Every structure is written in structure tokens, then in C-alpha cells.
Amino acid sequence: MKEIKGCPAVMEVCDSLLTLVDCEFVALALQNEVGPDVKWHYAAGNLNDKYKRITVRFGKGIAGKIISSGSPMMLTDFPNGIIGKVTDHPIMLAEKLVSTYAVPLFFHSAPKGVLLIGNRKIKAYTETDQQYVKEAAQDLEKILTEQIL
């Protein structure tokens with residue numbers, strides 16, 4: 001896979017979500033080409049570069065759960081109400097996120113990536129916010145299919 005950092009279109013979609021939606025953080029994770037692990041490849045609004053070192057197992061953490069289920073997920077008051085351990089959500093801990101909304105990215109009809117927005121305060125994302133994220137995810141699917149995958 002080509003490096004996402006070398007793809008300005010991906011960075012532009014993620015960066016534009018920061019202003020379009022009331023959020024402080026946007027990140028993109030993809031399942032590895034070989035094996036089930038999921039890795040965060042790009043972030044905007046990040047506090048540090050820890051996201052680059054985070055790899056989660058299929059079905060674990062936000063990214064792993066979204067890829068395994070193929071469904072969007074919202075957390076509004078982390079760590080309250082989560083299933084499992086706090087340490088199962090390393091992106092939340094690394095970026096001090098309290099609220100997130102994340103959607104799957106589909107490649108060849110299978111969920112293989114995640115687009116996540118987040119805030120460092122309690123927030124419930126509106127239907128409009130969710131629609132913007134879903135549209136951005138579709139844009140990313142197209143860009144990644146054409147330019148990277």
C-alpha cells in the first residue's frame with residue numbers, strides 16, 4: 001500500500017471535516033493488507049503522534065469493532081458505558097477523547113477501514129454531523145481505491 005501521507009486528497013478530506021463538523025480530531029484507520037490488525041494511518045487535530053504506533057486487533061478498540069461489525073459507532077462520554085476495558089480503546093486514551101463518532105470504509109464490499117471524528121469533551125453528534133462523516137467516508141473510499149489500494 002502506498003503511504004497515505006503522500007496523498008493530499010486524503011488529508012484534504014480529513015482536514016475539511018475538522019471545520020465542517022464541530023470536532024477536534026479526525027483520524028483514518030485501515031486494516032493491514034496481511035493479517036487482521038488495524039492501524040491508524042492519518043490524523044488531524046492530534047495532540048501527539050502516538051496514533052501512528054497504535055495497532056489493534058480485529059474486533060478490538062473502536063477501529064477493530066467497526067471493521068468487524070461494518071456499522072457506525074458513537075461514544076458520547078468515554079469511558080462511561082463502554083463494554084470491555086478502557087485500555088481496549090487506545091486512540092481514546094492517546095488523544096484524550098471523550099466523544100467519538102466513527103464509520104466504516106468499504107473496499108470491495110467489505111469493511112476495511114474507519115473514519116473517526118472526536119472531541120475532548122462530552123458531545124452527542126447530530127444527524128447532520130453523522131451525514132457529513134458518512135459522505136467524507138465515501139469520498140475516502142473512492143480516493144483510496146483509485147490512488148492507494
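Since we're looking at a predicted model, the values are computed, not measured. If you read the sequence from its start, that first residue is 1, and numbering goes on from there.
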query: Do you know the tightest heavy-atom contact between Ala44 and Leu18?
result: CB-CD1, 3.6 Å
message: For Lys65, I'd like to know if atom NZ has over 12 heavy atoms of other residues, nucleotides or ligands within 6.0 Å.
response: yes
task: Enter the distance from Arg57:CZ to Asp88:CG here, rounded to the nearest 0.5 Å.
output: 13.0 Å
- prompt: Are Met74 and Ile122 joined in one hydrophobic group, where the rule is that I, L, V, M, F, W and Y side chains link up if heavy atoms are under 4.5 Å apart?
  reply: no
- request: Could you tell me the separation between the NZ atom of Lys142 and the CD atom of Gln138, rounded to the nearest 0.5 Å?
  value: 11.5 Å
message: Using a 6.0 Å cut-off, check whether atom CD of Glu135 has over 12 heavy atoms from anything other than its own residue.
response: yes
- prompt: So how far is it from Met11 CE to Ser16 OG, rounded to the nearest 0.5 Å?
  reply: 12.0 Å
- prompt: Which is it for Leu116 and Trp40 under the side-chain contact (heavy atoms from CB on, under 4.5 Å) test, yes or no, and what are the steps along the way?
  reply: CA-CA 10 Å; Leu116 174 140; Trp40 293 97; 3.9 Å; yes
- request: For the residue pair Asp37 and Val56, establish whether any side-chain heavy-atom pair is separated by less than 4.5 Å.
  value: no
field: Step-by-step side-chain contact (heavy atoms from CB on, under 4.5 Å) determination, Val98 to Asn119
entry: CA-CA 6 Å; Val98 176; Asn119 285 77; over 6 Å; no
- prompt: Any sub-3.5 Å donor-acceptor pair from Ser99's side-chain atoms to Lys121's backbone N or O?
  reply: yes
statement: Heavy-atom nearest pair, Val38 first then Gly64, reads CG2-CA, 4.3 Å
Asn48 (side chain) donor-acceptor with Ala94 (main chain) under 3.5 angstrom: yes
- line: The reported gap from CG in Asp139 to CG in Leu17 (rounded to nearest 0.5 angstrom) is 9.0 Å
- prompt: Cluster question for you: counting only ILVMFWY and a side-chain heavy-atom cut-off of under 4.5 Å, with indirect links fine, are Leu97 and Leu47 together?
  reply: no
- prompt: Counting distance only, does the side-chain N/O of Asp129 pair as donor-acceptor with the main-chain N or O of Thr126 below 3.5 Å?
  reply: yes
statement: To the nearest 0.5 Å, atom CG of Leu105 lies from atom CG of Leu30 at 7.0 Å
field: Atom of Ile66, atom of Ala102 and distance for their closest heavy-atom approach
entry: CD1-CB, 3.1 Å
query: Would you call Pro104 and Ile67 a side-chain contact if the rule is heavy atoms closer than 4.5 Å?
result: no
- prompt: Less than 4.5 Å apart, any side-chain heavy atom of Cys7 and any of Ile143?
  reply: yes
Partner set under side chain to side chain donor-acceptor pair (under 3.5 Å) for Asp22, not counting sequence neighbours: none
message: Under the criterion side-chain contact (heavy atoms from CB on, under 4.5 Å), I'd like the reasoning laid out for Thr100 against Ile62: C-alpha separation, chi angles, the key distance, then a yes or no.
response: CA-CA 9 Å; Thr100 58; Ile62 293 170; 3.8 Å; yes
- request: For Ile54 and Pro90, work out which heavy atoms get closest and say how close.
  value: CG2-CG, 3.6 Å
task: Starting at CZ of Arg120, measure out to CD of Glu24 and round the result to the nearest 0.5 Å.
output: 5.5 Å
task: Taking the side chain as every heavy atom from C-beta outward, state whether Asn32 and Phe58 have any pair of such atoms under 4.5 Å apart.
output: no
message: Are Val114 and Val103 packed together at the side-chain level, in the sense that at least one heavy-atom pair is separated by less than 4.5 angstrom?
response: no
- prompt: Between Glu141 and Phe106, is there a donor-acceptor pair closer than 3.5 Å when you use the side chain of the first and the backbone of the second?
  reply: yes
field: Heavy-atom check, side chain of Leu28 versus side chain of Leu144, under 4.5 Å
entry: yes
- prompt: Quick check: are there more than 12 heavy atoms from other residues, nucleotides or ligands sitting under 6.0 Å from NZ of Lys85?
  reply: no
- request: Would you indicate whether Lys60, at its atom NZ, is surrounded by more than 12 heavy atoms from other residues, nucleotides or ligands within a distance under 6.0 Å?
  value: no
Check: Val13 and Leu115 side chains under 4.5 Å, non-hydrogen atoms: no
message: With a 4.0 Å cut-off on N to O distance, would you call Lys50 and Glu95 a salt bridge?
response: no
task: Scan residues 75-98 for pairs that pass ring pair (Phe, Tyr, Trp, His ring centres under 6.0 Å), counting only residues two or more places apart or in two chains.
output: Phe78-His89
field: Basic-acidic side-chain contact under 4.0 Å: Asp49, Lys52
entry: yes
Any Phe25 side-chain heavy atom under 4.5 Å of Ile117 side chain: no
- request: Given side-chain contact (heavy atoms from CB on, under 4.5 Å), test Tyr101 with Lys134 step by step and report yes or no.
  value: CA-CA 10 Å; Tyr101 178 69; Lys134 289 173 185 171; 3.1 Å; yes
